[in-house]
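Just so you know, ligand 1 is whichever comes first in the structure, and atom 1 is the first atom listed for that ligand. Along the sequence shown, residues carry numbers from 1. Any value given below was found using the heavy atoms of this structure, including those in side chains, with hydrogens, waters and symmetry copies removed.
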Amino acid sequence: MKKKALVVGSHVSESLSPIIFNYWFKKYKINASYSFKEIKPQNFEEEIKYIFADESLAGFNITIPFKELIINKVDSLNKHSFKIGAVNCVSKVKNKWVGKNTDWSGFYKSIEGAVKKNNLQTAIVLGYGGASKGVLYALENLNFKTINIYNRTQNKIRHLVGKKGYIVLDESDLEKKLYTSDIIINTTPTNIINNMLTDTKPIDAPACDIVYRPKETEFLSCFTKNKRIYGISMLINQAAPCFEEWFGVKPVADEGLFRVLDRYQA
Ligand code: ATR
C-alpha cells in the first residue's frame, strides 16, 4: 500500500509542508504522498475519526486551531508534547496514534547556531499562542537565563509571573526590553513593535519570525541591518523528524529545497 501523510488544519490549503515533503519524496525516490486536509473547527470531532481510520496513513501534521484539541484524541503523548501542551505531529506506532511536538525542536535547530556562537542569554518573545509555547520550551532547553514575554491579551500570560527565568512584560516595559535583549522573536501574525523603533537608536539583536510567508515579514523588515532568522527554517526543521519517522530517511534541506520554497514565499 502506498504510504500517505497529511497536514490537517482549518486553513492549510496554502501550507508549504506538501512542497517540502514532495521535494524529499522525489529526492529520495520514495513512493508516497503528502497532501492537506482542511477541517472546520465544528467538524473536528467527526473528521478526526476518519483520519485515524485511514489505514494508509503513516502520520499527519496538525496545525491551527487543533494543536491542543488533538491531545485528548491520540492514544498517547511523548514527553515533549506533554510538557508543551501542544501536538504538531501525530505518528502511527504499532497501530496506536502518538502525539509529538517537533515545533520546539524545529525552532531550537533554527536558532541554535546563533545562540551558541554569540552566547545569547536574554530573549524577548512577542505573542503567546500555540506556536509560542514550543518556542519558549526551546529557549528553556537552550538555557536562556531570561525570557521576556509579551502578549496583547495579558490575561493569558499572567500565570508566568514569578516563573523562574521569566519576565512578563506590559506594553510600557516592552519598548525598553527591545534594547536589552539578545534576540527578538515574533510569534504573532503581525508586527506589534512597529511604532516602537526609531532610526536614531538602532537595535543590534538578531530578529527571528516564525511566520514564513511572506519571507520578509513586516516584523523582519524592521531589522534589515540585523541577523535575521526566517520562519521557513523552523517549518523545514519541524518537518524533517516527521519525514524520518514516517518514511525512514533522514532528509537534508539542500539549496534546491530553499530555491523551490522561495518561489512560494513571495
Ligand atoms: P499560533 O498557534 O500560530 O501561535 P495563535 O494561537 O492564534 O496562533 O496565536 C497568535 C498569537 O498572536 C497570540 O499571542 C495573539 O495574541 P492574543 O493572545 O492577544 O490573541 C497574537 N496576535 C494575533 N493577532 C494579533 C494582533 N493583531 N496584535 C497583537 N497580537 C496578535
Any chance you could measure Trp246, atom CH2, to Lys92, atom NZ, to the nearest 0.5 Å?
12.5 Å

Under 3.5 Å between any N/O of Tyr128 and any N/O of ligand 1: does that happen in this structure?
yes

Parallel under 30°, tilted from 30 to 60°, perpendicular over 60°: which one fits the rings of Phe247 and Phe243?
tilted

Row check, Tyr128 ring normal vs Lys133 NZ/CZ: under 6.0 Å, within 45°:
yes

Per salt bridge (charged side-chain N to carboxylate O under 4.0 Å, His left out), Lys73 is matched among Glu47, Glu45, Glu68, Glu46 by Glu45

I'd like to check which ligand 1 atoms, numbered from 1 as shown, lie under 4.0 Å from a non-hydrogen atom of Thr188.
12 (O), 21 (C)

Yes or no, since that's all I need: does a protein heavy atom fall within a distance strictly under 4.0 Å of atom 18 (O) of ligand 1?
yes

Could you tell me if Asp209 and Thr217 have a donor-acceptor pair between their side chains, going purely by distance under 3.5 Å?
yes

Answer yes or no: does an N/O atom from Ile64 fall short of 3.5 Å to an N/O atom of ligand 1?
no

Polar proximity ligand 1 side, Thr190 side, N/O cut 3.5 Å exclusive
no

Return yes or no for this condition: an N or O of Ile192 is under 3.5 Å from an N or O of ligand 1.
no

Does the N or O separation between Lys156 and ligand 1 drop below 3.5 Å for any pair?
yes

